[in-house]
Protein chains: 2
Amino acid sequence: MTGPEIAVDRSSPVPLYFQVAEQFAAAIQRGELAPGDRLDSELQLADRLGLSRPTVRQAIQHLVDKGLIVRRRGVGTQVVRGEVRRGVELTSLHDDLARAGRQPSTSVLELATVACPVEVATALDVTAGSEVQHLRRLRFADGEPLAVMENWLPLHPVRLTLDALQARGLYAILRAAGIRVRGAQQRIGARAATGAEAQMLGERRGAPLLTMTRTAYDDHGRYVEHGAHIYRASRYSLEVTVAER
Amino acid sequence: MTGPEIAVDRSSPVPLYFQVAEQFAAAIQRGELAPGDRLDSELQLADRLGLSRPTVRQAIQHLVDKGLIVRRRGVGTQVVRGEVRRGVELTSLHDDLARAGRQPSTSVLELATVACPVEVATALDVTAGSEVQHLRRLRFADGEPLAVMENWLPLHPVRLTLDALQARGLYAILRAAGIRVRGAQQRIGARAATGAEAQMLGERRGAPLLTMTRTAYDDHGRYVEHGAHIYRASRYSLEVTVAER
DNA sequence: CAGTGGTCTAGACCACCAG
DNA sequence: TGGTGGTCTAGACCACTGT
């Protein structure tokens, strides 16, 4: 067993372990490595690629975390599945839609600086009543309403503008402002649409909605955004991949 | 800055990096390390604990993956939050409820060997029509109906029995049979309850339900279970924590 | 500039599993 | 018994950060 051809470029700024991980992931997605197939052992790989074992190991661990492969001591490393579905990650709806080949658009319903409501203040860890930016957007995919998203942001150096929000999505704006979102806590549930919500989304009153609240934090461990979103359940669902280490 | 007192036991079978990670996590949850607090640097920790830097690093990386802390090159390591919420992990509803101090109970509606439906066969990667175990359970929390869960399992050495399912939850049974679930793909959505579903769950027809389908795989990368579950949205929601590395 | 985390190396010993 | 992954060590160089 030699496995797919992997080549590393030591002059590249991309870490070696990442180059290796990406090439294995690509081989799996191409079907070159089928579910159940065994990978070479760490020692074989290290030898074949001219890398140290810890580096190879780091690459493989990366794939385990993504749920692509499984390892067993004393046995070896095997492919779990070929089809890779994207899970809930730190992406904006805008990017998700664009990646799926659908045309995202946005109508900004509200954009203002307000006194922070108590529930939001708890989530963002700021004092209630302090000033925060508040926005509410109606999001479309291919011209059809998909979601209503409400967000609160502590006062950052970030200036949110209508133009930017209609073109780019919130997370892209944050990224451009040098804010690196590192993680988030999300709660996912469901409830019935109110009359107003139904009207905006083109559903009937009482229609099932998928709800998500999210609090995201950055580089510094500071909370940068809290969101409360509702999605048309008939048009949207979420994927999550879980893998043990 | 010295941080919380951490002691490692080299005679313990628990890996050193895991001992360290757990003690830091506990200190964060106790509030001893508050959000925004800095941890000692890797070199300081390695020196203080008498461990090598890679081992300390492995411990800290573990906490980053759980979303407890954030690291920045050139700066240091900081605590993100104190309150740790349990996310969507590889736990059964039974265990989740028990941990939350609620009394789980189960009524098995169906338990039989059937020909595998096509959609399930795709998910489990078996040939359609082959024999699989099928079960359907109505789950209660503190005596109130909470969810209807339907599962399909390829023919394993596992013998599912009514008694076991009423007492223990599916994942505990699998674990006891030596099957180690390593990961899963989940899809989360919402829809309206049918008349029959509403009656079982004590909701009205059309009431919003949270839906989840899950395909779980084991040690060998084999799919061991596919489930289609519906939860009363009024009583249940899911938490997910996402962290970038 | 000094200090941080990110990456990489070359070994080592062990627990576990299959043949 | 031989090979696998899991853990651990003791170094090294680098990119990045704040002062």
Side-chain angles (χ1 to χ4, degrees), chain A residues 1 3 8-22 24 37-65 69-80 178-180 182 218-221 243-245, chain B residues 1 3 8-22 24 37-65 69-80 178-180 182 218-221 243-245:
Chain A
M1 152 151 15
V8 295
D9 174 8
R10 297 195 93 98
S11 70
S12 162
V14 178
L16 299 177
Y17 81 88
F18 197 79
Q19 293 182 34
V20 175
E22 278 202 320
F24 268 111
D37 279 1
R38 294 259 304 265
L39 269 62
D40 286 345
S41 75
E42 294 180 353
L43 290 174
Q44 288 171 329
L45 278 173
D47 186 56
R48 182 152 68 89
L49 303 178
L51 299 172
S52 69
R53 185 182 161 204
T55 299
V56 168
R57 194 174 164 71
Q58 192 177 2
I60 293 180
Q61 189 58 44
H62 203 78
L63 299 174
V64 172
D65 290 342
I69 60 178
V70 171
R71 328 191 67 188
R72 275 184 305 159
R73 169 159 34 182
V75 178
T77 304
Q78 286 175 291
V79 175
V80 170
I179 295 179
R180 277 163 295 192
R182 279 296 180 87
D218 73 352
D219 263 325
H220 298 67
E244 269 183 3
R245 59 203 98 249
Chain B
M1 148 150 19
V8 296
D9 174 8
R10 297 193 95 98
S11 70
S12 162
V14 178
L16 299 176
Y17 82 88
F18 196 78
Q19 293 183 34
V20 174
E22 279 202 319
F24 268 112
D37 279 2
R38 294 257 304 266
L39 269 61
D40 287 344
S41 76
E42 293 180 353
L43 289 174
Q44 288 171 327
L45 278 173
D47 187 56
R48 183 152 69 89
L49 303 178
L51 299 172
S52 70
R53 187 185 160 204
T55 299
V56 168
R57 193 174 164 72
Q58 193 176 2
I60 293 179
Q61 190 58 44
H62 203 78
L63 299 174
V64 173
D65 290 341
I69 59 177
V70 172
R71 328 191 68 188
R72 274 184 303 159
R73 170 159 32 184
V75 179
T77 304
Q78 287 176 292
V79 176
V80 170
I179 295 178
R180 276 162 297 193
R182 279 295 180 86
D218 73 353
D219 265 321
H220 299 67
E244 268 181 3
R245 59 199 73 260

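Below, read A as the first sequence line, B as the second, and so on, with proteins coming before strands; counting in each chain starts at 1.
- Between A:V56 and A:V20, the closest side-chain pair of non-hydrogen atoms is not below 4.5 Å.
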| field | side-chain contact (heavy atoms from CB on, under 4.5 Å) evaluation trace for A:D218 with B:R72 | value | CA-CA 10 Å; A:D218 73 352; B:R72 274 184 303 159; over 6 Å; no
| Along nucleotides 1-10 of chain C, 5' to 3', which nucleotides get a B, which get an S, and which get a -, given that the test is a protein heavy-atom distance under 4.0 Å? | --BBBBBSBB
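- Applying the salt bridge (charged side-chain N to carboxylate O under 4.0 Å, His left out) rule to A:R73 yields no partners; only residues at least two apart in sequence or on another chain are considered.
- By the salt bridge (charged side-chain N to carboxylate O under 4.0 Å, His left out) test, A:D219 is found to be paired with A:R180, A:R182, residues two or more places apart in sequence or in another chain being considered.
- Note: NE2 (B:H220) to P (D:dG5) measures 14 Å, nearest angstrom.
- D:dG3 atom C1' lies 15 Å from atom CG of A:D47, rounded to whole Å.
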| Pair A:R53-A:L43, side-chain contact (heavy atoms from CB on, under 4.5 Å): steps then yes or no | CA-CA 6 Å; A:R53 185 182 161 204; A:L43 290 174; 4.0 Å; yes
